[in-house]
Amino acid sequence: MATASGVSGGLRKKKHFLGMPAPLGYVPGLGRGATGFTTRSDIGPARDANDPVDDRHAPPGKRTVGDQMKKSQEDEEEDLNDSNYDEFNGYAGSLFSSGPYEKDDEEADAIYCMVDKRLDERRKDRREQREREEIEKYRMERPKIQQQFSDLKRKLAEVSEDEWLSIPEVGDARNKRQRNPRHDKLTPVPDSFLSKHMQNASDQHNSVDPRQLLLPGGGLNTPYPGSMTPSGLMTPGAGELDMRKIGQARNTLMDMRLSQVSDSVSGQTVVDPKGYLTDLNSMIPTYGGDINDIKKARLLLKSVRETNPHHPPAWIASARLEEVTGKVQVARNIIMKATEMCPKSEDVWLEAARLQPGDSAKAVVANAVRHLPQSVRTWIRAADLETDLKAKKRVLRKALEQVPNSVRLWKAAVELEEPDDARILLSRAVECCPTSVELWLALARLESYENARKVLNKARENIPTDRHIWITAAKLEEANGNTAMVEKIVDRAITSLRANGVEINREHWIQDAEECDKAGSVTTCQAVIRAVIGIGVEEEDRKHTWMEDADSCVSHGACECARAIYAFALQVFPSKKSVWLRAAYFEKNHGTRESLEALLQRAVAHCPKAEVLWLMGAKSKWMAGDVPAARSILALAFQANPNSEEIWLAAVKLESENNEDERARRLLAKARSSAPTARVFMKSVKLEWVLGEIPRAKELSEEALRHYEDFPKLWMMKGQIEEQLQLNDKARDAYSQGLKKCPHSVALWLLLSRLEEHVGQLTRARAILEKARLKNPQNPELWLESVRLEYRAGLKNIASTLMAKAMQECPSSGILWAEAIFLEARPQRKTKSVDALKKCEHDPHVLLAVAKLFWSERKISKAREWFHRTVKIDPDLGDAWAVFYKFELQHGSKEQQEDVRKRCENAEPRHGELWCAVSKDILHWRKKTGEILAQVASSIKNTF
């Protein structure tokens with residue numbers, strides 16, 4: 001029994017998971033390889049009612065016929081309200097809303113969303129690009145009003161202030177009937193009506209009730225004198241206006257005003273009838289602020305004064321408020337009251353002296369110095385009020401008795417004295433103010449050499465921390481010819497100041513050196529530069545820092561300081577070619593020819609391999625007319641640089657420019673044998689060509705092309721020689737062969753195109769330029785030539801189209817923008833120039849075009865300003881100098897013309913379309929820069 005009961009007890013104990021619903025997604029036997037599926041027995045009537053419900057396969061709910069009819073009615077009347085919208089199911093709900101939304105469905109939806117998002121990202125760029133294009137197209141077809149008036153808005157910048165102010169205010173555009181309706185119109189009674197009914201002067205009925213005069217609508221309801229009103233009262237009464245008394249009062253007031261301004265001696269009036277109203281207006285306060293603000297400020301200041309009557313700023317502010325509003329006398333009364341309440345305030349006394357006129361101000365200041373005998377500003381004001389020189393001196397000497405240690409008073413007193421008396425005063429001043437550097441230096445300037453040295457020594461004893469005393473001592477020694485002491489004094493100054501704990505500020509000392517340079521103390525300035533130039537500069541930064549210091553000194557006009565900096569830098573860096581070049585250019589621009597040549601002699605001794613230094617020395621001698629010295633310098637340069645192309649060509653140019661043609665030929669022959677280069681051959685061909693030896697030039701060009709067939713200038717010269725001989729076919733062949741070897745030479749393409757245009761083959765010229773643009777994309781010179789070709793052919797529409805394409809391909813090309821400005825009609829040129837300046841603000845061609853635009857509009861001063869700006873940005877552009885010179889020839893003076901010519905000769909320009917057309921012509925090969933300038937200017941026509 002025991003065993004049976006135990007077994008039965010064990011059977012009664014069931015596992016805790018039995019009878020519980022299966023978890024979601026559970027498939028029985030899945031671990032043994034079984035697969036889940038659903039049969040009819042799982043959901044049909046064969047299923048036991050007590051079985052656990054599977055949430056994954058919930059049975060559809062039962063619907064009655066009424067429910068189905070109701071559902072169909074809801075489908076027909078679908079609610080499209082936003083509150084009925086579901087992000088997942090939409091407005092109508094899901095088609096599969098009868099089934100459950102499981103995790104598998106959620107995962108599938110997430111994957112679909114991810115795929116859709118990925119596809120959307122792939123199409124995003126194309127979609128956004130299409131949207132932008134559609135928006136741009138829409139804006140082009142239907143521009144905004146703002147865009148339609150953009151060109152007119154730009155012109156608003158030219159409207160002057162007077163034109164702005166002269167624009168009439170916007171008035172009421174309605175007609176008169178609408179502005180003034182009849183029911184609001186009031187018609188006053190004329191004076192004739194009143195005078196007609198006032199015949200009896202003694203009659204009591206000599207007044208009019210204003211309420212009876214005017215009625216709405218313009219009607220009159222005025223009873224006769226003595227008549228009864230509807231209320232039974234007589235006309236005179238409360239609210240009446242006595243017209244006779246008003247007229248009498250007006251006449252009396254006018255008589256009083258006229259009598260005030262009448263002449264009391266002769267009894268004749270001095271009133272100007274035209275200026276009478278102007279005088280009356282001048283009596284009105286000129287303050288333009290709000291009256292309420294003035295009242296508030298006056299009440300606040302009054303409250304401050306009453307609260308704290310001994311507060312000086314409150315009294316001063318009150319007085320100035322009344323002064324601003326035009327009540328000067330009230331301001332004087334307030335400030336005089338302030339002197340009683342605040343007798344120890346310096347500001348109050350000075351304000352009172354300012355407000356009082358003439359002698360009253362003197363009395364106020366005299367009272368002030370009694371209360372404040374130690375006030376320097378009060379004594380200075382007292383001296384300023386005096387008109388007599390002796391009185392000024394007397395006031396200042398009394399002030400110095402009261403305040404002997406005031407530097408300001410001593411300086412004011414010394415300025416009024418003669419040199420001898422001033423020296424006596426200064427000797428007393430330095431005793432009373434021994435720490436004033438200005439007084440010591442002023443005394444030293446007035447003393448003799450020996451006494452000045454003593455004064456400066458005493459000053460150093462009293463003020464051992466000031467550098468100006470040392471610098472003044474150095475300037476004193478230099479002025480008296482003792483230049484050997486200058487260097488010692490500056491060195492002692494650095495040592496003494498450091499011993500006294502003074503930091504040596506390099507920038508301050510350089511500024512002092514610049515002041516010495518401007519004062520003419522050259523030795524002192526150079527000594528100061530040498531003493532402080534290396535202080536506080538890192539070793540690796542010395543060269544860069546010193547070059548910046550030299551440039552800064554040049555910009556400040558201190559050339560001797562810059563020369564001293566270069567000299568010190570060359571001592572530290574004797575083999576630096578860049579430093580020698582900077583110093584040489586400095587001497588060329590700001591020094592003399594002798595200083596430049598001396599510097600270059602030292603430069604080539606330290607840097608014999610620097611060709612440019614040799615060439616600068618030779619050119620300096622040549623420009624001075626010393627040709628033998630230039631030859632000797634080039635000979636030394638040959639020894640240092642035996643195979644230098646630059647030196648060979650410089651020697652050839654020297655000989656050819658001085659009509660030594662045979663010597664130049666021999667030099668070129670030696671150069672071709674010892675240092676053959678493409679440029680040497682080119683110069684050889686050029687020399688024979690300009691001398692008229694055409695066969696020899698052609699022979700040399702053939703020889704040169706056998707060695708240097710990839711040098712485009714040789715092909716260009718060969719073709720130009722053939723063109724000069726009118727052998728167009730041979731010239732065409734030369735250019736074509738050169739383009740095969742040098743397809744990227746723009747100049748060759750241009751020469752071939754112009755040759756075809758010259759012989760009348762426009763179609764071939766167009767084809768050549770188009771081919772050139774394909775070989776050399778984004779080249780503005782080729783686009784410009786294409787535009788000009790069509791313009792010369794008379795096809796302006798095609799030229800404009802080509803210019804638009806060129807601007808798209810080369811949007812920042814200055815030469816294209818400059819040409820585009822003058823392709824526009826005159827009204828549109830200014831707008832085009834504004835766009836050009838936005839794209840190419842610092843391009844010289846655009847600036848030159850703007851200058852020519854102002855010239856064409858007769859704005860001479862603006863045109864000259866833009867010409868100056870152009871040649872400053874790019875002094876190598878010869879076209880700018882030529883147009884500028886042409887402008888000055890027409891509108892400038894002789895001095896202005898000569899200034900442009902000299903600046904052009906100093907700049908020596910070598911580029912520019914018009915400039916090169918003249919300078920590279922063989923007929924002008926020996927012309928100087930000034931002659932070429934005149935030639936180019938004469939060839940310019942004012943077609944713009």
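Keep in mind that this is a model prediction, so the values were computed, not measured.
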Salt bridge (Lys or Arg N to Asp or Glu O under 4.0 Å) between Lys862 and Glu857, intermediate numbers included: CA-CA 10 Å; Lys862 283 189 176 182; Glu857 295 177 354; over 6 Å; no
Worked verdict on Arg869 versus Glu865 for salt bridge (Lys or Arg N to Asp or Glu O under 4.0 Å): CA-CA 6 Å; Arg869 192 178 302 179; Glu865 178 186 348; 3.2 Å; yes
Arg582 vs Asp549, salt bridge (Lys or Arg N to Asp or Glu O under 4.0 Å): CA-CA, chis, key distance, verdict: CA-CA 13 Å; Arg582 294 281 291 268; Asp549 292 336; over 6 Å; no
Salt bridge (Lys or Arg N to Asp or Glu O under 4.0 Å) assessment of Lys137 paired with Glu134: CA-CA 5 Å; Lys137 182 178 179 181; Glu134 290 177 355; over 6 Å; no
Candidate pair Met547 and Val579, rule side chain to side chain contact (heavy atoms under 4.5 Å, CB included), full reasoning: CA-CA 8 Å; Met547 295 301 103; Val579 180; 4.1 Å; yes
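Remark: the Glu548 side chain and the His544 side chain contain an N/O donor-acceptor pair separated by less than 3.5 Å. Residues Ser578 and Lys543 have side chains that bring a donor and an acceptor to within less than 3.5 angstrom of each other. A donor-acceptor contact under 3.5 angstrom links the side chains of Ser684 and Arg672, judged on distance only.
Not counting sequence neighbours, the partners of Gln724 by the side-chain hydrogen bond (donor to acceptor under 3.5 Å, both in side chains) test are Trp689. With sequence neighbours excluded, the residues forming a ring-ring contact (aromatic ring centres under 6.0 Å, His included) with His868 are Phe884, listed by chain and number. Residues passing the side-chain hydrogen bond (donor to acceptor under 3.5 Å, both in side chains) test with His842: none are found, sequence neighbours excluded. With sequence neighbours excluded, the residues forming a side-chain contact (heavy atoms from CB on, under 4.5 Å) with Leu914 are Asp879, Val936, Ile940, listed by chain and number. Not a single side-chain hydrogen bond (donor to acceptor under 3.5 Å, both in side chains) links Gln897 to another residue, sequence neighbours left out. The side-chain hydrogen bond (donor to acceptor under 3.5 Å, both in side chains) check on Arg132 picks up Gln129, with sequence neighbours excluded. In terms of the side-chain contact (heavy atoms from CB on, under 4.5 Å) criterion, residue partners of Val652 (sequence neighbours excluded) are, by chain and number, Ala664, Leu667, Leu668. Qualifying side-chain contact (heavy atoms from CB on, under 4.5 Å) partners for Met807, counting only residues two or more places apart in sequence or in other chains: Met803, Leu816, Trp817. The ring-ring contact (aromatic ring centres under 6.0 Å, His included) check on Tyr885 picks up nothing, with sequence neighbours excluded. Every residue two or more places apart in sequence or in another chain that forms a side-chain contact (heavy atoms from CB on, under 4.5 Å) with His911 is listed here: Asp876.
In terms of modelled atom types and a separation under 3.5 Å, the side chain of His924 and the main chain of Ser919 share no donor-acceptor contact. Looking at Ser736, its side chain never comes within 3.5 Å of a backbone N or O of Asp733 through a donor-acceptor pair. At distances below 3.5 Å, not a single donor-acceptor pair connects side-chain atoms of Asn776 with backbone N or O atoms of Asn779. Using modelled atom types, no side-chain atom of Ser813 and backbone atom of Cys810 make a donor-acceptor pair closer than 3.5 Å. For Ser620 (side chain) and Gly617 (main-chain N/O), no donor-acceptor pair under 3.5 Å exists by modelled atom type. Under the 3.5 Å distance criterion, the side-chain polar atoms of Trp614 are left unmatched by any main-chain donor or acceptor of Lys609.
Residue Asp835 holds its CG atom at 13.5 Å from NZ of Lys830, rounded to the nearest 0.5 Å. Considering CD of Glu136 and CD of Glu141, their distance stands at 12.5 Å, rounded to 0.5 Å. Between atom CG of residue Leu725 and atom CD of residue Gln720 there is a gap of 12.0 Å, rounded to the nearest 0.5 Å.
The existence of a salt bridge linking Arg788 and Glu913 is confirmed by a sub-4.0 Å separation between a basic side-chain nitrogen and an acidic carboxylate oxygen. The residues Lys730 and Glu723 are annotated as not salt-bridged, no charged nitrogen and carboxylate oxygen being separated by less than 4.0 angstrom. Ion pair Glu905/Arg901 flagged as a salt bridge, since at least one NZ, NE, NH1 or NH2 atom sits closer than 4.0 Å to an Asp/Glu carboxylate oxygen. Between Glu646 and Arg679 there is a salt bridge, since at least one side-chain N of the basic residue sits less than 4.0 Å from a carboxylate O of the acidic one.
Arg864 and Gly892 get closest at one heavy-atom pair: NH2-CA, 3.9 Å. Among all heavy-atom pairs drawn from Ile647 and Leu634, the shortest one is CG2-O, 4.1 Å. When every heavy atom of Thr870 is checked against every heavy atom of Pro844, the shortest pair comes out as CG2-O, 3.5 Å. Nearest heavy-atom pair across Pro909 and Pro875 is CB-O, 3.7 Å. Shown here for Trp915 and Thr929, the closest heavy-atom pair between the two residues is CH2-O, 3.8 Å. Residues Ser786 and Leu802 approach most closely at O-CD1, 3.8 Å, considering heavy atoms.
Counting heavy atoms from C-beta outward, Leu823 and Val787 have side chains that approach closer than 4.5 Å. Residues Leu877 and His845 have side chains in contact (heavy-atom distance under 4.5 Å, counting atoms from C-beta outward). With contacts defined as side-chain heavy-atom distances shorter than 4.5 Å, the pair Glu163/Ser160 qualifies. Within the 4.5 Å cutoff, the side chain of Tyr585 has heavy atoms near those of the Met616 side chain. Residues Tyr735 and Trp715 have side chains not in contact (no heavy-atom distance under 4.5 Å, counting atoms from C-beta outward). By the 4.5 Å heavy-atom criterion applied to side chains, Ser753 and Arg766 are not counted as neighbours. A heavy-atom distance below 4.5 Å is not found between the side chains of Lys852 and Trp866. Two residues are said to be in side-chain contact when any heavy atoms from C-beta on lie closer than 4.5 Å; Glu688 and Glu699 fail this criterion.
Other residues, nucleotides and ligands contribute more than 12 heavy atoms inside 6.0 Å of the NE2 atom of His891.
Using bins of under 30°, 30° to 60° and over 60° for the plane-to-plane angle, the ring pair Phe887/Trp855 lands in the perpendicular bin.
Sequence neighbours left out, the pairs with a member in residues 734-758 that pass salt bridge (charged side-chain N to carboxylate O under 4.0 Å, His left out) are Glu709-Lys741, Arg732-Glu756, Arg754-Glu785, Glu756-Arg764, Glu757-Arg792. Under the salt bridge (charged side-chain N to carboxylate O under 4.0 Å, His left out) criterion, no residue pair touches residues 802-813, with sequence neighbours excluded.
In this structure, Arg773 satisfies the cation-pi test against Trp783, with its NZ or CZ atom closer than 6.0 Å to the six-membered ring centre and inside 45 degrees of the ring normal.
Checked options Lys894, Lys902, Gln896; the residue passing with Glu898 is Lys902 (criterion: side-chain contact (heavy atoms from CB on, under 4.5 Å)).
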